[in-house]
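Have a look at the structure below, then the notes.
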Amino acid sequence: MSVKYVVILLLILLPTFLIGQNGHFSFGIKNNGICFGNSNKYNGVRLNLIDNNVDKVNGISFNVAGLAFNKRVNGISFGLIGTTDSLMNGLQFGSIYTFSTKINGISITPFLLASEINGLQIVGVAAFVDTTNGVLISLFGTTPFDMIGSKIINGLAIGGVVINSEKVNGVVISGILCAADELNGVSFSCFNLTKSLHGFQFGLINYAANNRKLFRVMPFMNFNLKKN
């Protein structure tokens, strides 16, 4: 792309820097079509640098500078640096990070921080999630620190190193450690640590604090089939 076209693009996107304003250029009818700039609401394709005071986007939201701050996106949200959408329904992609309150759909990012995810999450490095409903796949897993670890996992969680959660309802697979205060389901890892087990553990060392003393630490497999 020549310098001339870069300058033209920057001039088109200049309204996005108007703090507190929603200046933008739209090719279409009212808020429908193709938008360049910081529109408050838009249906179609929206291209912007830095979001400010954005309520809703239905369609594709693309942020050149990668700083996406949308209250609600129905469709596709993409940020060259990251995305920060309060409510995301559809496909969300952040090149470095994704910070969201609620995600319904598919999220792909190196770092994920979210209050609730419903769907498929693919994380390159680590995930920090309050509640997972669906499938979470992470190269590292979830943080091993209780203060910011995943609180509830409903479904399937796969981590290359550690999966740490307060409560698991489903299946957990981790390369080294699966740690859960309460496990209702099955965990696979080298080391499985559970305070309250209601299901099965498979690994080299399996610890279930709610089993009888003789059966709290077991090699290869441990289980507790009592109702919670």
Side-chain angles (χ1 to χ4, degrees), residues 87-94 97-228:
L87 175 59
M88 176 63 215
N89 299 310
L91 173 62
Q92 184 180 57
F93 181 86
Y97 70 85
T98 292
F99 297 158
S100 294
T101 303
K102 188 175 183 178
I103 302 171
N104 300 313
I106 299 174
S107 178
I108 303 173
T109 183
F111 292 93
L112 172 64
L113 175 62
S115 295
E116 181 180 346
I117 54 177
N118 304 301
L120 171 62
Q121 315 304 316
I122 300 175
V123 185
V125 182
F128 311 95
V129 184
D130 283 347
T131 303
T132 298
N133 300 309
V135 179
L136 171 62
I137 302 172
S138 174
L139 180 64
F140 176 84
T142 63
T143 171
F145 305 106
D146 289 339
M147 58 187 302
I148 52 175
S150 294
K151 292 183 178 180
I152 301 175
I153 296 174
N154 299 311
L156 171 64
I158 301 174
V161 181
V162 175
I163 293 292
N164 178 59
S165 179
E166 291 183 7
K167 186 176 182 178
V168 176
N169 300 309
V171 179
V172 178
I173 302 172
S174 179
I176 296 178
L177 174 65
C178 284
D181 290 344
E182 180 180 336
L183 172 63
N184 302 302
V186 183
S187 66
F188 300 88
S189 183
C190 290
F191 304 96
N192 295 289
L193 306 176
T194 307
K195 292 180 180 179
S196 180
L197 174 63
H198 305 279
F200 295 86
Q201 298 170 319
F202 296 94
L204 297 177
I205 302 296
N206 306 284
Y207 174 79
N210 61 325
N211 277 354
R212 294 181 179 180
K213 289 184 178 182
L214 185 62
F215 300 102
R216 286 180 184 171
V217 181
M218 297 292 292
F220 307 120
M221 185 185 76
N222 204 349
F223 65 94
N224 187 313
L225 301 180
K226 294 181 180 178
K227 293 183 179 180
N228 191 350

Any ring pair (Phe, Tyr, Trp, His ring centres under 6.0 Å) involving residues 169-192? Give me the pairs, sequence neighbours left out, ordered by first then second residue. F188-F202
In Å, rounded to the nearest 0.5 Å, how long is the span from OG1 of T132 to CG of L120? 11.0 Å
Over all heavy atoms of both residues, which pair between V161 and S174 is shortest? Give the atoms and the distance, please. O-OG, 2.7 Å
Under the side-chain hydrogen bond (donor to acceptor under 3.5 Å, both in side chains) test, residues paired with T194 that sit two or more places apart: Q201
Distance (rounded to the nearest 0.5 Å) between I106 CD1 and I117 CD1: 12.0 Å
I'd like to know if the side chain of S189 and the backbone of N192 have a donor-acceptor N/O pair within less than 3.5 Å. no
Please report the shortest heavy-atom distance between V217 and Y207, naming the atom on each side. CG2-CD1, 3.4 Å
Would you compute the distance between atom CD1 of I205 and atom CG of N222 and round it to the nearest 0.5 angstrom? 10.5 Å
Between D130 and K151 (side chain of the first, backbone of the second, donor and acceptor by atom type, cut-off under 3.5 Å), is there such a pair? no
Who passes ring pair (Phe, Tyr, Trp, His ring centres under 6.0 Å) against F223, sequence neighbours left out? F200
What residues form a side-chain hydrogen bond (donor to acceptor under 3.5 Å, both in side chains) with N224, not counting sequence neighbours? N211
Quick check: do Q92 and T109 have side-chain heavy atoms less than 4.5 Å from each other? no
Sorted by first residue and then second, give each salt bridge (charged side-chain N to carboxylate O under 4.0 Å, His left out) pair with at least one member in residues 185-207; sequence neighbours left out. D181-K195
Just verifying a value: how many Å separate C178 SG and I173 CD1, rounded to the nearest 0.5 Å? 8.5 Å
Could you tell me which residues satisfy side-chain hydrogen bond (donor to acceptor under 3.5 Å, both in side chains) with S138, sequence neighbours excluded, listed by chain and number? none
Given I153, which partner from the list T131, L183, I163 fulfils the side-chain contact (heavy atoms from CB on, under 4.5 Å) test? I163
Could you give all pairs that pass the side chain to side chain donor-acceptor pair (under 3.5 Å) test and reach residues 154-163, with sequence neighbours left out? N133-N154, N154-N169
